[in-house]
Amino acid sequence: MAKNRQPNGASSIYLGKDGRWHGRVTVGVKDDGTPDRRHISRKTRSEATKAVRELERQRDSTGVRKAGQTWTVTTWLTHWVENIAAPNVGENTIDGYRVAVYHHLIPGLGAHRLEKLEPEHLERFYQKMRANGSAAGTAHQAHRTVNTALNEAVRRRHLTTNPASIAKAPKLEEEEVEPYSLEEVQRLLAEATKVRNTARWVIALALGLRQGEVLGLKWEDVDFEVGVILVRRGRLRPRYKHGCGDKCGRKPGYCPQKINVRRETKDTKTRAGKRPIGVPEELLGLLRQHKEKQERERVLARDLWLEKGYVFTSPTGEPLNPNTDFHRWKDLLKAAKVRDGRLHDARHSAATVLLLLGVPDTVVDRIMGWEPGKSARMRSRYQHLTSPVLQQTAAKVGALIWGSTPDQLTSAPGGPVLCLSRNSIPAGADVYVACLGKHGGRYIPFLHNEHAQAVASQWGADHPGEPAHVEKWDRRQWEREGPGGIQAIRDRVPDRRLIHHAHAVFLPGGERLNIGHDEQWSVMAWEYEANLYTDLPVRWNTGRRPGQEVEAQVRGTDQHAVAAAFAEACAQAVDRARNPGNYGDTMMLL
């Protein structure tokens, strides 16, 4: 009678001539196309059966380690960093990987067999790094590197699980960056006028460009007519090799005949990084002056000049070395007597200035070059709640609850700070009212007579044939009879620039409500109500009315920016009308 045969590929358990129980499990196919049959051996049948079932479970879930070369941590990390990572990541990234692999991971873990590496080995290794003086950031970089390398080993079936994904990463407490105050920025800019490449530091402090982005700028990226800088590449750190055949006995970077083996620049890493940035007219003027100085340097250098088109160069036309640029930053801090900080802190300062100015988030993302999916996290990291921001917020809360009007003081460090105007208007003060137009068409009250007279004079010049005069009212009379009450009283002459407005209201379901007048209009700032006008290019917000409608409001001095922001404000208002819980409006609807 024929024996019962297992189907092809099925696991088998049998008693061998050596008295031990053996099991064989098919886990896949080898590189040559033959079945990959794994063998196990145990003393008893039950132990062999249990081992076979466990091997089958691994095969059907996470997969079984691929047969072939037996890797150690050293051989795998070396293979991974040179043959897998190097061709597929950027130059700066591979530099970080190599430092972690060759200076930390291989000396500390290299002798382990790859499949025998345990999470506990990694955790003890991180502790030793910290005990030997490595910074928390260095230990964390080693963890990220080994985690990436072992993920690739799992993907290629050299491992079944990644022990680094199980190990507890070194604790990394992100240091809170204190951005430079407006006063400190102004001191740095004043000192920058005394050094070479002045505009380089103005761009960093005013626009927040990364170091590589500034050093990678070329004149073709600067449009003086439109007033825009196009960011599209970054400067790379040079990497040198010996040009003397390693005979000088120095490191490659100090070899007298050193050869740079790395390209000078690379394109921006993300689409968000490639971006146009509007340039203030003052900075454009500095760039024009810088270009003239560079022309003079080119003449002086003669045949030593290497024309590569960079905005910021060495005296012979070469792009600036990031390391040299860093030391010039440190020199600038000392000369300006400003506290020490990283060059990247200038970027934090620029982002915080945008927060102080109330620039919309989408515009901030474009200026800073943040990807849409990461922009919220980056804003929380780079935009710091400085004292002026907190004081402005407190003033706005007071204005909402107690009906006071924000006004500006300029004595606070770091820029203007909002305070409550009721504190700046004496209780018994007289009010000087500019009465404008026929039949008292418009009343604008001031604390000071000269301000009211100036506005009346302006009105007469702008509206020929219409009357304008100033009347003196006491405080009580104005609060009782004047339109607007105390909130309308000004303590300075308003700006005469044109302010553009846009406004829309939406029902709870998102339907546009007919508000009875144009959705966009413009008025002179000095004709705008109280002190609520703005001198910003654009500012917008959405809010829910007590009647559950949601309104979008936009205003600013830049008409095109207002129109662009209006579309975004309306989109948010529609979403807010449909999803009140996402905006904290739930309590208003109860």
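Everything quoted here is computed from the prediction, not taken from an experiment. We use all heavy atoms of the structure for the numbers below, so side chains are in, but hydrogens, waters and symmetry mates are not. In this chain, residues are counted from 1 in sequence order.
For Glu120, the side-chain hydrogen bond (donor to acceptor under 3.5 Å, both in side chains) test picks out no residue, with sequence neighbours left out. Residues satisfying the side-chain hydrogen bond (donor to acceptor under 3.5 Å, both in side chains) criterion with Arg196, sequence neighbours excluded, are Glu297. Contacts of Arg233 classified as side-chain hydrogen bond (donor to acceptor under 3.5 Å, both in side chains), with partners at least two apart in sequence or in another chain: Glu220, Asp221. Residues that satisfy the side chain to side chain contact (heavy atoms under 4.5 Å, CB included) test with Pro119, not counting sequence neighbours, are Pro163, Ile166, Ala167. For Asp95, the side-chain hydrogen bond (donor to acceptor under 3.5 Å, both in side chains) criterion is met by Arg239, Arg262, not counting sequence neighbours.
Between His143 atom NE2 and Glu123 atom CD the span is 9.5 Å, to the nearest 0.5 Å. Separating the CD atom in Gln257 from the CD1 atom in Ile259 is a distance of 8.0 Å, to the nearest 0.5 Å. Rounding to the nearest 0.5 Å places CG of Asn197 at 9.5 Å from OG of Ser314. For the atom pair OH (Tyr102) and OG1 (Thr74), the distance works out to 10.5 Å, reported to the nearest 0.5 Å. Distance check, rounded to the nearest 0.5 Å: CD of Gln127 to CG of Asn132 gives 11.5 Å. Here CG of Asn162 is found 13.5 Å from CZ of Arg155. Values are rounded to the nearest 0.5 Å.
Within a 6.0 Å radius of NZ in Lys308, more than 12 heavy atoms belonging to other residues, nucleotides or ligands are found. Within 6.0 Å of atom NZ in Lys330, more than 12 heavy atoms from other residues, nucleotides or ligands are found, so the atom counts as buried in its surroundings.
There is a side-chain donor-acceptor pair under 3.5 Å between Ser11 and Glu56. Under 3.5 Å, the side chains of Gln141 and Arg144 contain a donor-acceptor pair of N or O atoms. Judged by distance alone, the side chains of Thr44 and Ser46 do bring a donor and an acceptor atom under 3.5 Å apart. Looking only at atom types and distance, the side chain of Thr542 has a donor-acceptor partner in the side chain of Arg576 under 3.5 Å away. Side-chain contact check for Arg235 and Thr265: no donor-acceptor pair (N or O, by modelled atom type) lies under 3.5 Å. There is a side-chain donor-acceptor pair under 3.5 Å between Tyr310 and Glu264. With no hydrogens or angles considered, a side-chain donor-acceptor pair links Thr72 and Thr75 at under 3.5 Å.
Looking at every heavy atom in both residues, His140 comes nearest to Pro170 through CD2-O, 3.0 Å. Taking all atoms of both residues into account, the shortest heavy-atom contact from Leu209 to Val214 is CB-CG2, 3.5 Å. In terms of heavy-atom proximity, Arg130 sits nearest to Ala136 at NH1-N, 3.5 Å. Considering every non-hydrogen atom in both Thr198 and Ala192, the closest pair reads OG1-O, 2.8 Å. When all heavy atoms of Thr145 and Ala100 are compared, the pair lying nearest together is OG1-CB, 3.5 Å. When every heavy atom of Leu77 is checked against every heavy atom of Ala149, the shortest pair comes out as CD2-CB, 3.5 Å.
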Derivation of the side chain to side chain contact (heavy atoms under 4.5 Å, CB included) call for Leu217 and Ile229: CA-CA 9 Å; Leu217 282 176; Ile229 286 177; 3.7 Å; yes
Side chain to side chain contact (heavy atoms under 4.5 Å, CB included) between Trp71 and Glu115, intermediate numbers included: CA-CA 8 Å; Trp71 297 94; Glu115 72 274 12; 5.8 Å; no
Intermediate values then yes/no, side chain to side chain contact (heavy atoms under 4.5 Å, CB included), Cys248 and Lys258: CA-CA 10 Å; Cys248 65; Lys258 63 185 178 184; over 6 Å; no
From CA spacing to verdict: salt bridge (charged side-chain N to carboxylate O under 4.0 Å, His left out), Lys337, Glu191: CA-CA 10 Å; Lys337 297 181 180 180; Glu191 194 63 35; over 6 Å; no
Check against side chain to side chain contact (heavy atoms under 4.5 Å, CB included), Thr138 and His104: CA-CA 9 Å; Thr138 304; His104 301 291; 3.6 Å; yes
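Contact of the Leu150 side chain with the Leu114 side chain is registered, since non-hydrogen atoms from C-beta on lie closer than 4.5 Å. By the 4.5 Å heavy-atom criterion applied to side chains, Lys43 and Trp21 are not counted as neighbours. Proximity of Asp331 to Val195: side-chain heavy atoms (C-beta onward) are nowhere separated by under 4.5 Å. Side-chain contact between Arg98 and Ile94: present, with at least one pair of heavy atoms (C-beta onward) separated by less than 4.5 Å. Within the 4.5 Å cutoff, the side chain of Tyr126 has heavy atoms near those of the Val146 side chain. Using a 4.5 Å heavy-atom threshold, the side chains of Pro322 and Pro238 count as touching. Contact annotation: the side chain of Thr324 never approaches that of Leu320 to less than 4.5 Å [non-hydrogen atoms, C-beta and beyond]. Put simply, the side chain of Leu236 reaches to within 4.5 Å of the side chain of Arg263, judged on heavy atoms.
Within the structure, no pair that satisfies the ring-ring contact (aromatic ring centres under 6.0 Å, His included) test touches residues 229-253, not counting sequence neighbours.
Taking the six-membered ring where the residue is Trp, Tyr14 and His22 present parallel rings, their angle staying beneath 30° rather than reaching 60°.
Remark: the backbone N or O of Arg45 is paired with a side-chain donor or acceptor of Thr49 at under 3.5 angstrom.
Salt bridge annotation for Arg57-Glu54: present, with a cationic side-chain nitrogen under 4.0 angstrom from a carboxylate oxygen. A salt bridge does not link Asp325 to Arg328: none of the charged nitrogens lies less than 4.0 Å from a carboxylate oxygen.
In this structure, the ring of His290 has its center less than 6.0 angstrom from the ring center of Phe312.
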